[in-house]
Enquirer: 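Sending over a structure as structure tokens; questions will come in a sec.
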2 protein chains.
Amino acid sequence: MNEFNEYFKSAFTVDNVIFGFDEGDLKVLLINRGEEPYKSKWALPGYFVYPNEDLDAAAKRVLDELTGLRNVYLEQVRTFGAVNRHPFGRVITVAYFSLIKISHYNIQPSSIAKKAKWHSISKVADLAFDHKEILEACFHRLKWLVRSRPVGFELLPPKFTLTELQHLYEAILETELDKRNFRKKILSMNLLIDLDETQEGVAHRPARLYKFDREKYEQFLAEGFSFELKESKKKEKKSRSKKVRANIAWKD
Amino acid sequence: MNEFNEYFKSAFTVDNVIFGFDEGDLKVLLINRGEEPYKSKWALPGYFVYPNEDLDAAAKRVLDELTGLRNVYLEQVRTFGAVNRHPFGRVITVAYFSLIKISHYNIQPSSIAKKAKWHSISKVADLAFDHKEILEACFHRLKWLVRSRPVGFELLPPKFTLTELQHLYEAILETELDKRNFRKKILSMNLLIDLDETQEGVAHRPARLYKFDREKYEQFLAEGFSFELKESKKKEKKSRSKKVRANIAWKD
DNA sequence: AATAGCTAGTGTACACCTTACACTAATTCC
DNA sequence: GGAATTAGTGTAAGGTGTACACTAGCTATT
């Protein structure tokens with residue numbers, strides 16, 4: 001099937017970093033390896049890419065096989081190809097990450113895994129292969145992502161309180177946020193729908209419940225954070241050339 | 001050497017998107033393919049990754065072989081692995097991009113290339129394989145990069161004027177920038193050293209020449225854009241807990 | 001030597017965004 | 001009914017982004 005010199009061929013895989021959020025903690029799904037190498041060690045769920053399978057499709061398949069999940073946020077992060085990353089030979093792996101609502105899915109360990117389990121990000125120690133490094137790259141990407149667009153709803157149950165949302169952000173960013181400022185910012189985006197319901201069974205003032213407005217979010221992304229809004233508030237009459245000016249931010 | 005099932009093996013390559021800047025135009029280095037497939041078509045310079053070679057090393061080698069360049073900005077962007085991206089079989093490719101000063105180097109076409117030539121980004125038409133898509137992904141990354149940190153000096157000669165720098169940014173961002181605001185921003189970062197020299201041989205008021213302060217830049221990156229600076233200007237006395245607070249931007 | 005042509009270089013005002021910060025409201029538990 | 005707990009709210013100050021127009025200094029031309 002493949003005309004290329006065997007010399008240039010190598011095995012390649014996808015590894016999935018699956019983030020979830022539970023009990024106020026950011027978690028990652030790990031499997032306990034059932035075979036050598038690194039037998040009994042924790043590792044990221046991953047598998048070979050089939051020869052007739054696109055890369056993204058492979059990542060989706062692996063996720064699906066592990067969690068039964070489809071249509072989730074899934075993004076390629078980076079490819080790891082150090083010569084000695086796999087003790088049995090050359091294996092290049094493409095890292096993907098995804099965000100899922102833990103409560104929704106039963107994780108069924110697959111054949112490669114003795115068991116699959118959610119681990120708190122902060123408590124993950126050594127992992128098989130270079131998976132710790134892969135995890136860190138993906139965590140870094142998640143941090144960036146969560147700052148640059150209001151993702152993260154992906155990790156919460158359908159109904160949530162603002163405090164829960166804030167805790168999620170704090171867990172991802174590993175920092176504390178100011179309650180009032182956080183709420184102001186979140187609410188100003190109009191991406192939340194106030195459900196006019198409150199929590200039940202809590203031993204304190206119950207919080208309002210919200211859900212995520214997916215439609216507005218799609219719109220939001222489609223508009224690409226248009227620069228022109230700022231202008232048009234000021235001079236609504238002049239709708240002529242509209243020179244779009246770029247903004248140089250230089251923040252991380 | 002490799003114990004893995006042949007079934008899961010495939011050829012893999014790196015492709016380099018090498019950006020340069022010349023005559024006010026952002027350019028990309030392309031080679032004209034000397035062999036099938038896509039013979040005589042323009043393509044990104046790329047080659048197989050050797051089995052005993054790390055991925056990043058392969059990208060560096062390809063760049064070096066083409067341009068004689070070492071120690072340049074080189075960053076992995078994304079891996080392209082559609083099943084049919086290569087007509088002769090499955091080939092996964094990892095895309096890297098780099099920034100170089102065109103004037104400094106003589107590009108010597110290698111054996112795979114009939115010739116290598118700089119092309120204006122805006123005029124690149126079809127490319128071999130999925131290289132147009134790869135180019136676009138890298139261009140997008142460059143745009144992002146240039147907004148998020150003051151890279152871009154990499155593309156200019158050692159001495160440059162602020163107007164040249166501005167033109168570079170405009171070429172990358174495909175937009176116009178305000179002269180005064182641009183200068184204010186750039187100068188406020190203290191990353192430029194005023195050489196106290198001026199242009200010669202121009203038929204108008206000569207501009208001051210600057211060079212890039214690499215040391216300050218390293219420092220800048222090392223400090224990680226510290227959040228604390230803002231605080232310390234205000235209350236310089238209280239140097240206690242310094243809770244670092246994150247900033248959520250939600251811009252693109 | 002005057003002038004035209006060209007690009008360099010500079011400051012300010014306004015809108016908007018970010019940040020810091022503390023008290024009252026609503027509920028349960030005892 | 002009071003203690004405990006978390007929800008919920010506004011404002012002032014500083015900083016950043018943006019729009020905008022004129023003078024300065026050099027060459028080339030006459």
Side-chain angles (χ1 to χ4, degrees), chain A residues 24 147 160-167 170 175-189 192 194-210 225-236 238 240-251, chain B residues 24 147 160-167 169-170 173 175-189 192 194-210 225-236 238 240-251:
Chain A
R147 272 160 181 259
F160 51 85
T161 70
L162 292 181
T163 301
E164 281 165 1
L165 185 59
Q166 182 177 342
H167 287 336
E170 290 177 338
T175 187
E176 282 177 37
L177 298 167
D178 180 273
K179 183 162 63 161
R180 280 180 283 197
N181 294 339
F182 179 78
R183 283 161 184 244
K184 209 186 310 172
K185 182 119 197 176
I186 289 284
L187 293 172
S188 73
M189 313 210 66
L192 295 187
D194 186 338
L195 291 169
D196 247 313
E197 293 175 52
T198 51
Q199 280 179 308
E200 280 174 22
V202 288
H204 53 78
R205 174 174 177 177
R208 299 186 78 81
L209 293 169
Y210 292 84
F225 301 78
S226 97
F227 291 107
E228 300 167 40
L229 284 175
K230 282 175 192 166
E231 246 189 316
S232 53
K233 268 181 201 160
K234 214 176 154 187
K235 5 176 170 171
E236 298 210 335
K238 302 185 188 179
R240 19 176 164 159
S241 65
K242 285 197 186 176
K243 222 181 249 174
V244 175
R245 297 219 138 143
N247 168 15
I248 305 177
W250 286 320
K251 280 182 202 164
Chain B
R147 273 162 180 259
F160 52 84
T161 69
L162 292 181
T163 301
E164 282 164 1
L165 186 59
Q166 182 177 342
H167 288 335
Y169 273 76
E170 290 177 338
L173 295 172
T175 187
E176 283 177 36
L177 298 167
D178 180 90
K179 184 163 63 161
R180 280 181 283 195
N181 295 338
F182 180 78
R183 282 163 185 243
K184 209 186 308 173
K185 183 117 196 177
I186 288 286
L187 293 173
S188 74
M189 312 210 67
L192 296 187
D194 185 339
L195 290 169
D196 248 311
E197 293 174 54
T198 51
Q199 281 178 308
E200 280 173 22
V202 287
H204 54 78
R205 175 175 175 179
R208 299 186 79 82
L209 292 170
Y210 292 84
F225 300 80
S226 96
F227 292 106
E228 302 168 37
L229 284 176
K230 283 176 194 166
E231 245 190 316
S232 55
K233 268 181 203 161
K234 216 175 151 188
K235 6 176 169 170
E236 299 210 335
K238 302 185 187 179
R240 19 176 164 158
S241 67
K242 285 199 187 176
K243 224 180 247 171
V244 176
R245 297 218 137 141
N247 169 15
I248 304 176
W250 287 320
K251 281 183 201 165

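Here is the naming used below: chain letters follow the sequence lines, and residue numbers restart at 1 for every chain. Computed from heavy atoms alone, side chains included, the values below leave out hydrogens, waters and symmetry copies.
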Enquirer: Which nucleotide in the set dC26(D), dT27(C), dT18(D) lies at the smallest distance from any side-chain heavy atom of Pro206(A)?
Expert: dT27(C)
Enquirer: Can you tell me how far C1' of dT12(C) sits from CG of Asp178(B), to the nearest Å?
Expert: 13 Å
Enquirer: May I have the distance from Leu209(B) (atom CG) to dG9(C) (atom C1'), rounded to whole angstrom?
Expert: 14 Å
Enquirer: Begin with the C-alpha distance, continue with both residues' side-chain angles, and end with the deciding distance and a verdict on side-chain contact (heavy atoms from CB on, under 4.5 Å) for Thr198(B) and Leu209(B).
Expert: CA-CA 5 Å; Thr198(B) 51; Leu209(B) 292 170; 5.9 Å; no
Enquirer: Is a donor-acceptor contact shorter than 3.5 angstrom present between the side chain of Arg180(A) and the base of dA22(C)?
Expert: yes
Enquirer: Taking salt bridge (Lys or Arg N to Asp or Glu O under 4.0 Å) as the test, write out the residues that go with Arg208(A), two or more places apart.
Expert: Asp194(A), Asp196(A)
Enquirer: Assuming nearest nucleotide by heavy-atom distance, tell me which of His204(B) and Tyr210(B) is located more 5' along DNA chain C.
Expert: His204(B)
Enquirer: Tell me which one of Thr161(A), Leu162(A), Leu195(A) satisfies side chain to side chain contact (heavy atoms under 4.5 Å, CB included) with Tyr210(A).
Expert: Leu162(A)
Enquirer: Between P on dA8(C) and CG on Leu165(B), what's the gap in Å once rounded to a whole number?
Expert: 13 Å
Enquirer: Which atom names give the shortest non-hydrogen contact between Gln166(A) and Lys179(A), and what distance separates them?
Expert: OE1-CA, 3.6 Å
Enquirer: Indicate yes or no: at least one non-hydrogen side-chain atom of Arg183(B) is less than 4.5 angstrom from one of Asp178(B).
Expert: no
Enquirer: Which whole-number value in Å describes the distance from Glu164(A) CD to dT6(D) P?
Expert: 13 Å
Enquirer: Given atom CG of Leu187(A) and atom P of dA7(D), what is their separation to the nearest angstrom?
Expert: 14 Å
Enquirer: Would you mind classifying the nucleic acid contact of Arg183(A) as base, sugar-phosphate or nothing, using non-hydrogen atoms under 4.0 angstrom?
Expert: base
Enquirer: Quick check for you: among dC21(C), dA24(D), dA26(C), whose closest atom lies nearest to any side-chain atom of Arg205(A)?
Expert: dA26(C)
Enquirer: How many angstroms lie between CZ in Phe182(B) and CD in Glu176(B), if you round to the nearest 0.5 Å?
Expert: 13.5 Å
Enquirer: Without decimals, in angstroms, what is the distance between Asp194(A) CG and dA7(D) P?
Expert: 15 Å
Enquirer: Using a 4.0 Å heavy-atom cut-off across all strands, classify Thr163(B) as base, sugar-phosphate, or nothing.
Expert: sugar-phosphate
Enquirer: Does the base of dT19(C) carry an N or O that pairs as donor and acceptor with the side chain of Lys184(A) under 3.5 Å?
Expert: yes
Enquirer: Sequence neighbours excluded, which residues qualify as side chain to side chain donor-acceptor pair (under 3.5 Å) partners of Arg205(A)?
Expert: none
Enquirer: Measure the distance from CG on Asp196(A) to P on dG8(D) and round it to the nearest whole Å.
Expert: 12 Å
Enquirer: Starting from the 5' end of DNA chain C, give me the residue, Arg208(B) or Ala203(A), whose nearest nucleotide shows up first.
Expert: Arg208(B)
Enquirer: Starting at atom NZ of Lys179(B), determine the distance to atom C1' of dT18(D), rounded to an integer number of angstrom.
Expert: 16 Å
Enquirer: Report yes if a donor N or O on one partner sits less than 3.5 Å from an acceptor N or O on the other, where the partners are the side chain of Lys185(B) and the base of dG17(D); otherwise report no.
Expert: no
Enquirer: In degrees rounded to 10°, what angle is found between the helical axes fit to the five outermost pairs at each end of the helix from dA1(C)-dT30(D) to dC30(C)-dG1(D)?
Expert: 0°
